[in-house]
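Notes to accompany the following structure.
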Amino acid sequence: MNEWPKQYTANEVEGKWMSRWKEMGIHRWDPVRGRDETFVMDSPPPTVSGALHIGHVFSYTHQDLIVRQKRMSGLNIFYPMGWDDNGLPTERRVQNYFNVRCDPYLPHDPHYTPKTDGKGPPEKVSRPNFIQLCRQVTRSDEEAFRRLWQRLGLSIDWDQEYATIDDFSRKTSQLSFLQLLRDGHVYLTETPTLWDVDFQTAVAQAEVEDRMMAGAFHNLRFGVKEGGSFVIATTRPELLAACVAVVAHPDDARYRPLFGKQAVTPLFRAPVPILPDGRADPEKGTGILMVCTFGDATDVEWWRQFNLPLRQILGKDGRLLPVKFGAAGWDSLDAPAANRFYSELEGRNVKQARTAIVAMLRTPDGAALPDLGAPLTGEPRPIQHSVKQFEKGERPLEIITARQWFVRLLDKKEALIQQGAKIQWHPPYMRARYESWVEGLNQDWCVSRQRYFGVPFPVWHPLDDEGRPHYDRPILPKPEQLPVDPLAEPAPGFDESLRGKPRGFIGDPDVMDTWATSSLTPQIASRWAEDAARHRKLFPMDVRPQSHEIIRTWAFYTIAKAFLHERQVPWRHVVISGWILDPDRKKMSKSKGNVVIPDHLLEQYSSDAVRYWAARARLGVDTAYDEAVFKNGNRLATKIFNASKFVAGHFEGQDLAALTPAMVTEALDQGLVGRLREVVRKAGEEFAAFEYANALQSAEEFFWSDFCDNYLELVKGRCYEKEETAGKRSALATLKLLLSVQLRLFAPYLPFLTEEMWSRLFAAREGRERSIHTAPWPTEAELRAVAEPSASDPYGAAADALREIRKVKGEAKVSMKTPLKELEITGNAKDLDAVRSVMQDLLSVSGAPAARLTEGKVENGRFKIRAAL
RNA sequence: GCGCUGUUAGCUCAGUGGUAGAGCAUCACCUUGACACGGUGGGGGUCAGAGGUUCAAGUCCUCUACAGCGCACCA
């Protein structure tokens with residue numbers, strides 16, 4: 001037997017095992033075994049360009065706990081790892097890192113190398129060069145994650161690694177798109193779209209966040225063409241030139257006489273209809289409002305409902321476009337004046353335009369009709385109101401008309417809620433979040449992004465004789481051609497020279513929403529796009545672990561895709577990890593600047609200790625970041641090490657194989673095995689419900705209090721006997737069984753320490769038991785090999801009596817080792833029988849030469865002890 | 001506005017109708033035979049508040065307060 005060190009040195013041990021496990025191949029999925037004996041985890045591909053932080057450690061540990069317990073239960077584990085690398089976070093990181101901006105109109109420079117000084121205005125680089133930089137950055141970011149996962153001991157099958165931008169993921173994503181297009185679930189249309197003016201891309205409803213912002217009501221006097229005036233209230237005066245109608249509530253007596261007449265806007269003197277509609281709130285503002293193209297979602301509704309003209313004044317860069325009043329669609333009663341006013345706004349961004357237009361609205365010559373006075377009546381009244389923003393953006397979203405690809409979901413809300421109900425959510429109440437999200441959907445899924453580092457749409461558009469694209473006749477690749485890049489490869493049947501030429505083609509310029517690919521992680525991992533048999537073996541998957549803020553994105557889109565493609569749920573269970581809160585109970589996030597970087601923690605406290613901290617958090621429950629819990633983890637590891645060392649010491653010179661459950665003949669030993677059986681039963685049940693924290697708690701309670709504090713002390717006397725008595729053999733056989741079972745109970749949580757102990761004590765050369773992580777998860781049956789004690793609860797009796805004896809010694813302020821001179825135990829007949837069955841151990845631990853047992857009534861507790869020192 | 005979750009010891013949390021718990025912190029005591037990264041014992045709680053159901057409520061129901069989150073609204 002190897003020499004046991006005085007202390008456990010986690011860093012050394014942890015470094016050793018990760019590479020050993022790799023050599024042993026114990027994390028590998030076996031493609032031969034059937035679905036029924038396979039456990040499939042749809043592990044989240046982290047956004048690699050995001051900061052690594054303790055939250056990652058937290059939630060990925062949760063998955064690993066589940067996976068490790070299932071592996072020990074004999075299941076064939078499929079635990080892949082992907083990297084989510086495409087999309088805006090990476091682009092943004094590349095822009096900052098290299099100080100570059102993508103200019104898609106620049107030609108590819110094959111000899112491009114990025115500058116390193118990063119000073120001055122950003123360098124413009126071509127799309128292929130930009131993508132190349134993105135790939136370069138993500139490669140090194142992935143490496144950082146990979147290192148951390150390995151250090152943390154995640155039992156990932158690295159043969160199943162993927163990245164959401166790699167060839168196969170692009171193929172999968174494009175194939176999914178083509179199938180949805182074929183089945184009529186996808187359409188291309190020019191429509192008002194939520195638009196981020198900084199990133200200059202469309203975004204989907206799921207990426208929109210409502211944020212409270214300061215704004216102001218501006219009261220503007222409109223004229224009535226037939227005579228008179230009224231005052232509207234708006235928070236967006238800069239959109240006045242885009243006004244296409246005025247709306248008030250049909251029952252509003254103040255404005256009823258105006259319906260059917262024409263309003264005239266200030267400054268631009270555009271005649272617009274005055275319309276009645278129930279959505280106008282008489283209580284709000286002045287009760288009458290202007291409809292612009294487009295200030296908000298209701299504007300879009302009115303625009304559609306009343307078939308209003310489009311006056312787009314906001315450009316994709318968020319600046320006001322050049323427009324000409326007096327031209328078709330831009331009616332004005334005084335076009336020269338309108339154009340003079342507008343020239344003050346053109347080219348300005350929203351904020352600048354607002355300042356400029358408010359100044360003009362203060363002058364009487366801006367009046368809609370002569371003699372109405374300055375259009376701005378009163379001062380703007382500041383308000384706080386919620387404004388839609390891109391979750392990654394800083395300026396409010398605009399609504400801009402653009403051609404976009406959509407996945408049709410609004411007509412499937414009911415079905416998608418049904419799908420959600422077929423999945424078991426842990427904790428169950430998280431399903432409510434999914435449902436309220438689906439119920440609140442008000443747009444189809446906009447999947448096109450006007451960006452660069454993403455999966456391209458596998459689509460070309462034919463050009464007519466004049467070189468105009470026909471968007472209703474897309475040219476599509478054959479599935480076997482995928483992945484394709486329509487901007488780099490010619491459309492099927494065309495020569496590259498016809499790109500952009502009349503009767504030629506253009507490639508669709510957009511890339512897909514990152515979620516369009518991430519929502520296919522089950523299909524990517526199962527290789528749905530090329531291996532139907534493998535897909536059937538892995539899909540639907542068993543568990544999707546994720547955090548709750550992405551229920552509306554990742555969970556929702558994945559459920560939607562699985563439904564659209566196969567009318568299936570993607571997984572049977574969703575397990576939701578909580579958040580990490582900083583000590584002030586604020587969510588830990590990069591933007592708040594309160595994140596904790598995990599590397600030094602793993603050094604300082606060991607991976608096992610950090611995993612222990614993560615394991616104590618129940619699903620869905622937010623957890624305060626508390627280093628005291630890491631220390632607790634270390635204490636547990638140390639205690640297990642020391643207990644194992646003690647047991648190992650008594651195994652010296654013993655034939656371990658000969659210590660069988662049949663040798664457990666002592667009542668104390670049998671009684672304790674019975675208790676552990678309860679712990680094993682509970683742990684199994686808890687794990688079945690993914691409640692690993694509760695399983696840990698019972699194992700820990702048993703280990704610390706029953707095994708270490710009580711049993712080891714009670715049994716020491718027998719262990720140290722010189723002779724090979726039946727009592728000693730019973731003790732050793734019990735220690736072997738109890739320690740083996742307990743190490744296995746702790747193995748998912750403390751994989752390094754338990755493997756080290758297992759390798760010293762129990763590891764076999766071959767088969768499942770060569771590693772604790774493939775060794776069988778403890779079962780009640782295994783512990784039933786030990787006979788039941790004849791007395792009732794002998795261990796409990798011994799523990800209770802011991803507590804009383806310790807109390808006596810404690811009150812006398814003497815060492816627990818001080819022997820008792822006399823001992824009398826009073827209790828009822830049944831309990832005294834139990835005491836009698838463990839008497840040898842009780843005398844040994846108390847140091848009493850003998851004990852008198854007296855039958856009698858006891859006030860509190862089971863026994864009354866009278867002891868003399 | 002609608003909804004979900006929570007409120008238990010100084011702190012972090014467990015407790016799923018039957019005598020209020022754990023770890024940390026705190027106090028006192030115990031050091032050579034696994035472990036001072038330890039052991040033993042103690043102090044500390046009208047379980048947010050009010051009502052109700054029940055033989056019995058931290059636990060079930062109703063309302064209220066506070067906190068966090070989700071959804072919706074956004075002139």
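The structure displayed is predicted, hence computed values, not measured ones. Lettering follows sequence order; numbering is per chain, from 1.
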I'd like to know whether the aromatic ring centres of A:Phe641 and A:Trp4 sit less than 6.0 Å apart in this structure. yes
C1' atom, B:U53 versus B:C60: distance in rounded Å? 8 Å
C1' atom, B:G45 versus B:U8: distance in rounded Å? 8 Å
Suppose you measure atom C1' in B:U16 against the same atom in B:G68; what distance do you get, rounded to whole Å? 23 Å
Provide the Watson-Crick or G-U wobble partner of B:G68, both distances under 3.5 Å; none if there is no partner. B:C4
Taken to the nearest whole Å, NE2/A:His650 to C1'/B:G33 is 8 Å
Would you mind classifying the nucleic acid contact of A:Leu712 as base, sugar-phosphate or nothing, using non-hydrogen atoms under 4.0 angstrom? base
Would you mind pulling out the nucleotide paired to B:C73, Watson-Crick or G-U wobble, both distances under 3.5 Å? none
To the nearest Å, give me how far apart CG (A:Leu696) and C1' (B:A22) are. 12 Å
So A:Phe687 and A:Tyr692, would you call those rings parallel, tilted or perpendicular, with 30° and 60° as cut-offs? tilted
Want to settle it: does A:Ala297 or A:Phe707 sit nearer the 5' end of RNA chain B, counting the closest nucleotide to each? A:Phe707
P atoms of B:C55 and B:U12, separation to the nearest Å: 39 Å
A:Leu761 versus A:Phe651: any side-chain heavy-atom pair under 4.5 Å? yes
Within the 6.0 Å centroid threshold, strictly below: A:Phe222 and A:Phe230: yes
Considering only NZ, NE, NH1 and NH2 on the basic side and carboxylate oxygens on the acidic side, decide whether A:Lys631 and A:Asp626 come within less than 4.0 Å. no
Just checking A:Lys388: base, sugar-phosphate only, or nothing, at a heavy-atom cut-off of under 4.0 Å? base
Have a look at A:Ala233 and say if it touches a base, only the backbone sugar-phosphate, or nothing, with a 4.0 Å heavy-atom cut-off. sugar-phosphate
Using a 4.0 Å heavy-atom cut-off across all strands, classify A:Thr298 as base, sugar-phosphate, or nothing. sugar-phosphate
Tell me if the centroids of the rings in A:Phe556 and A:Trp515 come within less than 6.0 Å of each other. no
Quick test: give all pairs of protein nitrogen or oxygen and nucleotides 25-28 of chain B nitrogen or oxygen below 3.5 Å, distance rounded to 0.1 Å.
none

On a whole-Å scale, what distance lies between the C1' atoms belonging to B:G58 and B:G18? 13 Å
Every protein N/O lying under 3.5 Å from an N/O of nucleotides 4-12 of chain B:
none

Just how far, in rounded Å, is C1' of B:C73 from CZ of A:Arg279? 14 Å
Here the distance between atom P of B:G23 and atom NZ of A:Lys631, to the nearest Å, is 17 Å
For the pair A:Tyr625 and A:Phe630, name the ring-plane relationship: parallel under 30°, tilted 30 to 60°, perpendicular over 60°. perpendicular
Ion pair check, A:Arg236 and A:Glu398, cut-off under 4.0 Å: yes
Are A:Tyr8 and A:Asn642 packed together at the side-chain level, in the sense that at least one heavy-atom pair is separated by less than 4.5 angstrom? no
Check whether any side-chain heavy atom of A:Lys388 sits under 4.5 Å from a side-chain heavy atom of A:Val203, and report yes or no. no
Going 5' to 3' along nucleotides 35-43 of chain B, which nucleotides have protein heavy atoms under 4.0 Å from the base (write B), which only from the sugar-phosphate (write S), and which from neither (write -)? BSBSSSSS-
Nearest-angstrom distance from the residue atom CD1 of A:Ile383 to C1' of B:C73: 13 Å
Separation of B:C13 atom C1' from A:Leu619 atom CG, nearest Å, is 16 Å
Comparing A:Glu549 and A:Gln697 on RNA chain B - which has the more 5′ nearest nucleotide: A:Gln697
Write down the distance between CZ (A:Phe702) and C1' (B:G21), rounded to a whole number of angstrom. 19 Å
Euclidean distance for P, B:A20 against B:A57 (whole angstrom): 11 Å
To the nearest angstrom, how far is A:Leu869 atom CG from B:C29 atom P? 18 Å
Mutual orientation of the aromatic rings belonging to A:Phe690 and A:His426 [parallel < 30°, tilted 30-60°, perpendicular > 60°]: perpendicular
Would you call the rings of A:Phe703 and A:Phe746 parallel, tilted or perpendicular, taking 30° and 60° as the class edges? perpendicular
Determine, for A:Glu685 against A:Lys682, whether the closest basic-nitrogen to carboxylate-oxygen distance falls under 4.0 angstrom. no
Can you identify which nucleotide, out of B:C71, B:G23, B:A14, has its nearest atom closest to the A:Arg618 side chain? B:A14
At under 4.0 Å between heavy atoms, what does A:Gln205 touch on the DNA or RNA strands: base, sugar-phosphate, or nothing? sugar-phosphate
Sugar-phosphate only, base, or nothing, as touched by A:Ala280 at under 4.0 Å among non-hydrogen atoms: base
